[in-house]
Amino acid sequence: MDTLKLSEPIRQRVRSAARVVVFSGAGVSRESGLDTFRGAGGLWERMRPEELATPQAFRAEPERVWQWYAWRFRQVAEASPNPAHRAIARLEAVFPFYTVVTQNVDGLHRRAGSRNLLELHGALAHAFCNRCGRNRDMGEAIAESPESPPVCSCGGKFRPGVVWFGESLPEATLAGASDAATSCDLFLSVGTSGTVYPAAGLIELAYRAGACLIEVNPEPTPFSRLMDLCLTAPAGEALPALAEAMERCRWPST
Ligand code: BV8
Ligand code: ZN
């Protein structure tokens, strides 16, 4: 995407913004070669979420669930942050209060250098025992036992460190994200269909708080109508241009 020209009202909001939230979903990692969930070619096209991403599925078919997460872990290990992740990390230096809130468990924001990062749905990088809660590295757990969940010394099973459907989100993380969304001046929603709750509720919180809302998504979403600006392009193209435009707003002389 060549130079992005922001309208004066948006430029004004970017110039005066102190508190910024970037809310991301699977679409931001699409250009890193990772499948999204919904939509054409999405993970959920080939298998149903309730079959694999729920505590019930893990109880019923622990091997199948474990192998599916091992497959996703290997995909993520082969992937790298793309220009969208890097632009999001770069903008952290532009605004005094800047929070990245992601639904992604792939860790690519962290690998791109984002520091103030809230992973609402956990991370594939670690596993924990479903009886005593002991944590361990997911890569080691898969290497030790690729076909079935390794057994803990307490007799429990290790499971991926992600939040499954029907499970509550980590309280402190959700509270931190809700506070950030409620008190932000600028809210970027990047690569999410906004269909999973309570994560998608953050967009409504920012809207009700009067923040300037910008959406980056090639497709419309249920929240597009609330947005001040919709960039209907892949994040890997739109975010570098948006970051540049925002830097020009904040640092006109450079
Ligand atoms: C819970 C980790 C409390 C695991 C995930 C209220 C209303 C309705 C339902 C509910 C509700 N409250 C709770 C529910 C139930 C449920 C839910 O939301 N169901 C949905 C399906 C309706 N929520 C829960 O169960 C949550 N827990 O509520 O607990 C509780 C507890 C006990 C009893 C009762 C309640 C837990 C939800 C978390 C589940 N875990 N992930 C794993 O990864 O395996 S969710 C997972 O799916 C992701 O983390 C993400 O959140 C979601 C996928 O959404 P997106 O990231 O947006 O991806 P998607 O594919 O949908 O869209 C991609 C978008 O990118 C598209 O718009 C596309 O156009 C765009 N795109 C494509 N390419 C690009 C692009 N954009 C930019 N650039 C590109 N190149
Ligand atoms: Zn244990």
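For ligands, and for the atoms within them, numbers begin at 1 and follow the listed sequence.
Considering V65, N217, V163 only, the shortest heavy-atom separation from atom 2 (C) of ligand 1 involves V163. Heavy-atom proximity to atom 20 (C) of ligand 1, evaluated over L169, L231, T195, L124, is greatest for T195. One option in P218, S193, G201, A200 has a heavy atom closer to atom 76 (N) of ligand 1 than any other, and that option is P218. Considering only non-hydrogen atoms, atom 64 (C) of ligand 1 lies nearest to G191 out of G191, A233, A235.
Ring geometry for F95 against Y98 counts as parallel: the plane angle stays under 30°, on a 0 to 90° scale with 60° as the upper cut.
The shortest N or O to N or O distance between A26 and ligand 1 is below 3.5 Å. Considering both main-chain and side-chain atoms, T221 never comes within under 3.5 Å of ligand 1 through any nitrogen or oxygen pair. Any N or O atom pair closer than 3.5 Å counts here, and Y197 shares at least one such pair with ligand 1.
Heavy-atom neighbours of E8 CD from other residues, nucleotides or ligands within 6.0 Å: above the threshold of 12.
Which parts of ligand 1 touch E219 is read off a 4.0 Å heavy-atom cut-off, strictly below it: atoms 69 (O). For ligand 1, the atoms sitting less than 4.0 Å from at least one non-hydrogen atom of G25 are 56 (O), numbered in the order shown with element in parentheses. Listed by number with element, the atoms of ligand 1 under 4.0 Å from a non-hydrogen atom of R30 are 73 (N), 80 (N). Within the listing of ligand 1, atoms 78 (N), 79 (C), 80 (N) sit less than 4.0 angstrom from a heavy atom of E31. Close approach of ligand 1 to Y69 is summarised as follows: ligand atoms under 4.0 Å from at least one heavy atom of the residue are 4 (C), 42 (C), 44 (O). In the vicinity of Q103, heavy-atom distances shorter than 4.0 Å reach the ligand 1 atoms 48 (C), 49 (O), 50 (C), 51 (O). Taking every non-hydrogen atom of P234 and a distance limit under 4.0 Å, the qualifying atoms of ligand 1 come out as 78 (N), 79 (C), 80 (N).
Remark: side-chain polar atoms of S145 are not paired, donor with acceptor, to backbone N or O of I142 under 3.5 angstrom.
Residue pairs that meet the salt bridge (Lys or Arg N to Asp or Glu O under 4.0 Å) test with at least one member in residues 108-121, sequence neighbours left out, are R110-E119.
For the atom pair CG of L213 and CZ of R13, the computed distance is 8.5 Å after rounding to the nearest 0.5 Å. Here the CE-CG distance, from M246 to L6, works out to 7.0 Å after rounding to the nearest 0.5 Å. The structure places CG of L174 at 9.5 Å from CG of D179, a figure rounded to the nearest 0.5 Å. Taking CG of L91 as the reference point, atom CD of E244 lies at 11.0 Å (rounded to 0.5 Å). Taking CG of L169 as the start and CD of Q103 as the end, the distance is 9.5 Å to the nearest 0.5 Å. Of the inter-residue distances, the one linking I10 atom CD1 with L4 atom CG reads 10.0 Å to the nearest 0.5 angstrom.
For the Zn ion (ligand 2), protein N/O/S neighbours under 2.8 Å (waters excluded) are C129 SG, C132 SG, C152 SG, C154 SG.
Side-chain polar atoms of H85 and S29 form a donor-acceptor pair below 3.5 angstrom.
Residue-level proximity to ligand 1 for E167 is carried by the backbone, the only part with a heavy atom below 4.0 angstrom.
Residue G166 places a heavy atom under 4.0 Å from ligand 1.
Cation-pi check for R64 over W68 is not met; the charged atom does not lie both under 6.0 angstrom from the ring centroid and within 45 degrees of its normal.
Taking 4.0 Å as the cut-off between side-chain N and carboxylate O, E167 and R159 count as a salt-bridged pair.
Among I88, V216, N116, the single residue meeting the side-chain contact (heavy atoms from CB on, under 4.5 Å) criterion with V22 is I88.
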